[in-house]
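Worksheet: the structure to be examined is printed underneath.
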Amino acid sequence: MLQKPRGTRDFLPDEMEPRRMVEGKLREVARCWGYREVCTPEFEDLELFTQRSGEGIIGEMYVFEDKGGRKLALRPEITAAVIRMYINEAKVAPKPLRWCYFADCFRYERPQKGRYRQFWQFGVELIGADTAIADAEVVMLAADMLNATGVTYDLNVGHLSFMKCLLSSLEPAAQRRVMAHLDKKDFAGLEVTLSQMGKPELSQSLTDLIGCRTLTDAFEIVGTIPEKERIAQTLGILDASGIQYSLNFGIARGLDYYTGIVFEGFARNLGAENQIIGGGAYRLAYLFGGDDVASCGFAIGFDRVMVSLGDVRHKKDTVVAVACTSDGRRRALDVARALREAGIRTEMDLMERSLGAQLAHASKSADFAVVIGQREAESGNVTLKNLHTAEQKTIDLAAAIAEVNAHGAR
Ligand code: HAM
């Protein structure tokens, strides 16, 4: 028997319905903040992702050559693609642009619970606003979205300028190597790398920085940095908004394009794969042939949110089964259409079962049966049977629709 590829999942209707419900909550928050949906291709030129995605992600990409010999990659994330689209399609649009997306990404990782080779991100990108309040808006939106799903999480906020200040004596490539260790919390590897670079003393100051829990402590380690005022302003807005977060100056992020504020969120009830959101301020457009526009965004790991939520209770559709005799079929088709036009989920027998067998099947899958025999076909009424209580009455169609709708509203 053929199986799905490793690291991918099938979703049955019972899984898709809660997924769509949670997705709907995220969409609604994005809409309320003015973030409008965009969509980019599932695959892009490989080069789009090799410029700044970071070694980790480059090593995990699904890369292939098409029949025209072009080197392509399944998108491992969406940010680079959105910025490519911004340059292609919307460079001159009034700023800021508030965009969001819900899309699947592909990373060749070792699969486990919460870590898949195909997974979905709900993300936002705020393009063209380079201010403290823009950074704060993105973090507040992240918190609003996560809160809307009902997940319980811890949000950590940091800023790369502290770490970059400590690492300023290193070449950019060396800085990236150090930050990759920090992102993986690989402190042993970090020490070895710093020794090889002839900078063992940096290990202690990085450890001190990571231990800081207040802005004052962090400034004591790095001294005054140009971003000081902006960082204080952003955090001031976050504090006034009442969102819950902790400062963490050790956030390095696994992607290489971040330049300023960075943040990550962790679901409290998940184990190893508990990071449910990552984001920050970045500059990518100039690398793709555009202006040096400032952007800030995040992506929520939708599958991890679903794992964290567990069994999501969602409102189930009221289901009506239209059961009929052969004399009643023509009228039954009309009744089914009227029920559907009233927005009611309506199913008819397709198996040529007897009326009794139709009702027996309906009792397993529906809330009501609407029975159309010869009598109902002639009178224009319907027999409505509540399959939970076995209560049954013959009424006109409008009254039956009203009763089914009343059940759905409960
Ligand atoms: P990221 O941290 O690489 O950031 O991914 C965002 C989220 O996607 C992670 O926090 C995690 O929840 C989820 N995720 C990552 N890999 C997997 C996987 N293999 N299986 C399941 N979930 C996964 C980005 O992708 C950036 N583009 C975020 C961003 C947007 N930054 C600015 N704008």
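Each ligand, and each atom within it, is numbered from 1 in the order the structure gives. In this text the structure is predicted, and so the values were computed from the model without any measurement. Position 1 is the first residue of the sequence, and the numbers go up from there. Values reported hereafter were calculated over all heavy atoms of this structure, with side chains retained and with hydrogens, waters and symmetry mates removed.
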Identify whether the distance between the nearest side-chain nitrogen and carboxylate oxygen of Glu376 and Arg331 falls below 4.0 Å.
no
Provide, to 0.1 Å, the distance between atom 20 (N) of ligand 1 and the closest protein heavy atom, together with that atom's residue and name.
Tyr116 N, 3.0 Å
For atom 31 (N) of ligand 1, what is the nearest protein heavy atom, given as residue, atom name and distance?
Tyr258 OH, 2.6 Å
Near Glu125, which atoms of ligand 1 are under 4.0 Å from a heavy atom of that residue?
30 (C), 32 (C), 33 (N)
What protein heavy atom sits nearest atom 3 (O) of ligand 1, and how far away is it?
Arg107 NH2, 2.9 Å
Only heavy atoms count here, so choose which of Gly114, Gly265, Gly297 is nearest to atom 21 (C) of ligand 1.
Gly114
Using a 4.0 Å heavy-atom cut-off, which part of Asp303 comes near ligand 1: side chain, backbone, both, or neither?
neither
Looking only at non-hydrogen atoms, the one of Glu60, Gln275, Arg253 nearest atom 4 (O) of ligand 1 is Arg253
Report the nearest protein non-hydrogen atom to atom 14 (N) of ligand 1: residue, atom name, distance rounded to 0.1 Å.
Phe119 CE1, 3.5 Å
What do you reckon, does Gln121 have a nitrogen or oxygen under 3.5 Å from a nitrogen or oxygen of ligand 1?
yes
Pair Lys71 + Glu47: basic N to acidic O under 4.0 Å:
no
In the protein, which heavy atom is nearest to atom 7 (C) of ligand 1, and how far is it?
Ala299 O, 3.7 Å
Taking side chain as C-beta onward, heavy atoms only, is Glu137 less than 4.5 Å from Arg98?
yes
If the threshold is 4.0 Å, N to carboxylate O, is there a salt bridge linking Arg230 and Asp130?
yes
Which of the ligand 1 atoms, numbered from 1, are nearer than 4.0 Å to a heavy atom of Gly278:
10 (O), 28 (C), 29 (C)
Is Glu109 close to ligand 1, meaning an N/O of one under 3.5 Å from an N/O of the other?
yes
Might you confirm whether atom CZ of Phe43 has over 12 heavy atoms from other residues, nucleotides or ligands at distances under 6.0 Å?
no
Can you establish whether the number of heavy atoms outside Arg268 located under 6.0 Å from its atom CZ is more than 12?
yes
Would you mind listing which atoms of ligand 1 come within a distance below 4.0 Å of any non-hydrogen atom of Ile277?
10 (O)
In ligand 1, the atoms that come under 4.0 Å of a heavy atom of Gly279 are 31 (N)
Just jot down the ligand 1 atoms closer than 4.0 angstrom to any heavy atom of Arg115, in number order.
19 (N), 20 (N)
Salt bridge check: are Arg70 and Asp45 linked by an N-O gap of less than 4.0 Å?
no
Quick one: sort the Tyr282 and Tyr257 rings into parallel, tilted or perpendicular, breaks at 30° and 60°.
tilted
For the residue pair Phe162 and Phe219, does the interplanar ring angle fall in the parallel (under 30°), tilted (30 to 60°) or perpendicular (over 60°) class?
tilted
Is Arg31 salt-bridged to Glu28, cutoff N-O under 4.0 Å?
yes
Yes or no: does Tyr257 have any heavy atom under 4.0 Å from an atom of ligand 1?
yes
Do the charged groups of Arg75 and Asp104 touch, with an N to O distance under 4.0 Å?
yes
Can you tell me which residue and heavy atom of the protein come closest to atom 30 (C) of ligand 1, and the distance to 0.1 Å?
Thr79 OG1, 2.9 Å
Residue, atom and distance of the protein heavy atom nearest atom 24 (C) of ligand 1 read Leu255 CD1, 3.3 Å
Residues in salt bridge (charged side-chain N to carboxylate O under 4.0 Å, His left out) with Glu44, at least two apart?
Arg84
In the protein, what heavy atom is nearest to atom 13 (C) of ligand 1, and what distance, to one decimal place, separates them?
Gly301 CA, 3.6 Å
Go through ligand 1 atom by atom and flag the ones less than 4.0 Å from a non-hydrogen atom of Glu77.
25 (O), 26 (C), 27 (N)
